Amino acid sequence: MELKNFGLFVLWTLFSFSQAGELTFELPDNEKQCFFENIDKGLECTLEFQVITGGHYDVDMELTAPNGKVLYKDVKKQYDSVTWTAEVTGIHKFCFSNEFSTFTHKVVYFDLEVGDEDPLAFNNDAQQTAMTLMETAGQSIHENLNDILDDQTYFKLHEAQGRAFAEDLNHHVMLWSISESIIVLLIGIGQVLVLRSFFTEKKSSGLHVPLMTNS
Amino acid sequence: MANMSLQQIFIVFSCLSSVYGLYFHIGETEKKCFIEEIPDETMVVGKYKVEIFDKNVNDYVPTIQGLGMHVEIKDTDSKAILSRTYASEGRFTFTSHSAGEHIICLHSNSSAWFSSGQLRVHLDIQVGEHAVDYQQIQAKDKLSELQLRIRQLLDQVEQITKEQNYQRYREERFRQTSESTNGRVLWWSIAQTVILLVTGFWQMRHLKSFFEAKKLV
């Protein structure tokens with residue numbers, strides 16, 4: 001009986017999908033990417049998104065409920081967090097749009113959490129006994145650590161954003177310095193050549209005027 | 001006995017309900033990539049399920065035989081650490097050996113030349129301690145609830161430590177990049193001023209000798 005239960009557990013965990021998902025993907029310019037999730041009525045959900053790299057770090061986001069009601073719609077946001085309680089059971093859809101951008105592609109991170117976290121251990125007892133002080137403390141530490149991990153992710157993303165910008169800046173400084181030096185040299189040589197050509201033409205057209213100032 | 005069957009029904013129901021994870025649509029020949037920035041020695045578990053759009057039924061149905069997904073995972077140095085084709089429903093796992101951005105790419109192994117059908121891909125990627133299955137550990141090591149909770153807290157704290165070490169390394173890279181930019185701005189300004197002065201002097205000297213040769217001065 002234990003083995004059969006264990007086997008069913010393995011099967012469940014092997015192909016079950018958790019009700020929380022975070023993904024980081026690249027959104028090319030002029031494109032829209034939609035994600036769908038089946039949410040049951042009454043569950044409280046949180047969707048958080050952040051633009052990591054690209055252009056002005058902004059993206060359009062739209063969240064639609066199964067009955068067509070628009071739960072959230074905003075344009076050119078860098079970061080936002082939406083919390084809502086599902087009114088209808090069904091497929092909720094959220095779309096990120098980069099259609100306003102002509103050539104910058106964006107890297108977008110989002111984190112969708114549906115309902116409460118799954119309980120840690122499968123309780124074999126038929127009745128739920130009240131939690132001991134240790135168990136309560138354990139639960140509370142776990143929730144705090146979850147918050148720490150979420151904050152770490154937030155800071156990691158902001159740091160990635162800053163670092164990507166700094167690396168771009170470094171690369172651009174190099175490119176522009178080299179090209180400016182080449183331009184200065186070319187203009188310098190070009191000026192001399194053009195000036196020489198003025199006087200060479202005058203000579204060939206016979207307007208050469210020697211200036212003899214000293215006797 | 002009645003308790004056992006109730007549990008089994010629960011398992012079956014949760015099996016069915018959790019079949020719908022997060023999903024998105026891609027074309028049959030399209031490739032979709034996801035980025036995971038992770039510290040080293042971190043385990044990542046990905047599960048996917050793919051369905052194809054059937055025009056006759058006007059709905060998404062489990063794919064025909066032979067259609068699977070090719071999963072390719074590249075590490076920080078753009079070296080492929082996993083490149084395999086799985087069936088229409090699959091699970092892939094890898095452990096990072098270097099800290100940084102890993103890219104997970106999925107595309108179907110369809111032999112169509114142009115994008116003919118739409119695919120619905122259910123995807124779930126779990127990183128680090130989220131990837132650990134505590135039910136399995138409890139059953140395997142026969143731990144009590146409290147012991148399991150302590151195990152989970154230990155895993156979480158370990159992940160926090162790894163992330164903070166990674167954060168140190170990234171901050172150092174950021175600082176190096178900023179210092180390099182500072183150095184480049186300084187040296188290139190000096191170099192450009194020198195080039196400008198040298199060009200100016202050369203111009204004057206060349207023109208002076210040119211005019212003297214032309215007997216204009």
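Numbers restart at 1 for each chain; the letters A, B, ... are given by sequence-line order, proteins then strands. Given the structure is predicted, the values throughout are model-derived calculations rather than measurements.
Atom CD in B/E145 sits 13.0 Å away from atom CE in A/M134 (nearest 0.5 Å). Interatomic distance, A/L23 CG to B/C33 SG, rounded to the nearest 0.5 Å: 12.5 Å. Note: A/F25 CZ to B/L123 CG = 12.0 Å, rounded to the nearest 0.5 Å. For the atom pair NE2 (A/H171) and OG1 (B/T181), the distance works out to 11.5 Å, reported to the nearest 0.5 Å. Atom NZ of B/K214 sits about 7.0 Å away from atom CZ of A/R196, to the nearest 0.5 Å. Remark: A/L145 CG to B/L153 CG distance equals 6.0 Å, nearest 0.5 Å.
For the pair B/F210 and A/L195, the minimum side-chain heavy-atom distance is 4.5 Å or more. A heavy-atom distance below 4.5 Å is not found between the side chains of A/W176 and B/W188. Taking the side chain as every heavy atom from C-beta outward, B/L207 and A/F199 never approach each other to under 4.5 Å. B/Y23 has its side chain within reach of A/I91: a pair of non-hydrogen atoms, C-beta onward, lies under 4.5 Å apart. Contact check for B/W202 versus A/I189: side-chain heavy atoms found under the 4.5 Å cut-off. Two residues are said to be in side-chain contact when any heavy atoms from C-beta on lie closer than 4.5 Å; B/F34 and A/E26 fail this criterion. In this structure, the side chains of B/E37 and A/T24 stay at 4.5 Å or more apart for every pair of heavy atoms.
Between the side chains of A/N170 and B/T177, no donor-acceptor pair is found at a separation under 3.5 Å.
Electrostatic pairing of A/E167 and B/R173 counts as a salt bridge here, judged by a charged N lying under 4.0 Å from a carboxylate O. A salt bridge does not link B/R149 to A/E135: none of the charged nitrogens lies less than 4.0 Å from a carboxylate oxygen. A salt bridge is defined here as a Lys NZ or Arg NE, NH1 or NH2 lying under 4.0 Å from an Asp or Glu carboxylate O, and B/R175 with A/E159 fails to meet this definition.
Of the residues considered (B/I103, B/I26, B/T199, B/I35), B/I35 shows the highest number of contacts with chain A, using heavy-atom pairs under 4.5 Å. Contacts with chain A were tallied for B/H206, B/E101, B/R184; B/R184 has the most, counting heavy-atom pairs under 4.5 Å. Heavy-atom pairs under 4.5 Å with chain B were tallied for A/T132, A/L169, A/N146; the largest tally goes to A/N146. For the set B/R170, B/Q167, B/E163, the count of heavy-atom pairs under 4.5 angstrom toward chain A peaks at B/R170.
Using a 4.5 Å cut-off between heavy atoms, B/S180 contacts chain A through both its backbone and its side chain. If you measure heavy-atom distances from A/I52 to chain B, you find no contacts under 4.5 Å at all. For B/Q164, the parts lying under 4.5 angstrom from a heavy atom of chain A are both the backbone and the side chain. For chain B, the nearby part of A/V107 is the side chain; its heavy atoms alone come within less than 4.5 Å. Heavy atoms closer than 4.5 Å to chain A are found nowhere in B/W187, neither backbone nor side chain. Contact of A/V173 with chain B is made through the side chain alone, with heavy-atom distances under 4.5 Å. At a 4.5 Å heavy-atom cutoff, the contact between A/I141 and chain B is made by backbone and side-chain atoms alike. Of the two parts of B/L146, only the side chain, counted from C-beta on, holds a non-hydrogen atom closer than 4.5 Å to a non-hydrogen atom of chain A. There is no contact between A/F165 and chain B, counting heavy-atom distances below 4.5 Å. Contacts of B/F174 with chain A are made by both backbone and side-chain atoms, with heavy-atom separations under 4.5 Å. The part of A/Q33 that comes within reach of chain B is its side chain, from C-beta onward, which places non-hydrogen atoms under 4.5 angstrom from that chain.
A/I187 and B/Q203 get closest at one heavy-atom pair: O-NE2, 4.4 Å. The heavy-atom pair separating B/Q192 from A/S181 by the smallest distance is CG-OG, 3.5 Å. Considering all non-hydrogen atoms of both residues, B/I160 and A/Q152 come closest at O-NE2, 3.3 Å.
In A/L133, the CG atom is not crowded: 12 or fewer heavy atoms of neighbouring residues, nucleotides or ligands sit closer than 6.0 Å.
By the 30° and 60° cut-offs, the orientation of the rings of A/F36 relative to B/H25 is tilted.
The backbone N or O of B/Y166 sits nowhere less than 3.5 Å from a side-chain atom of A/K156 that would complete a donor-acceptor pair.
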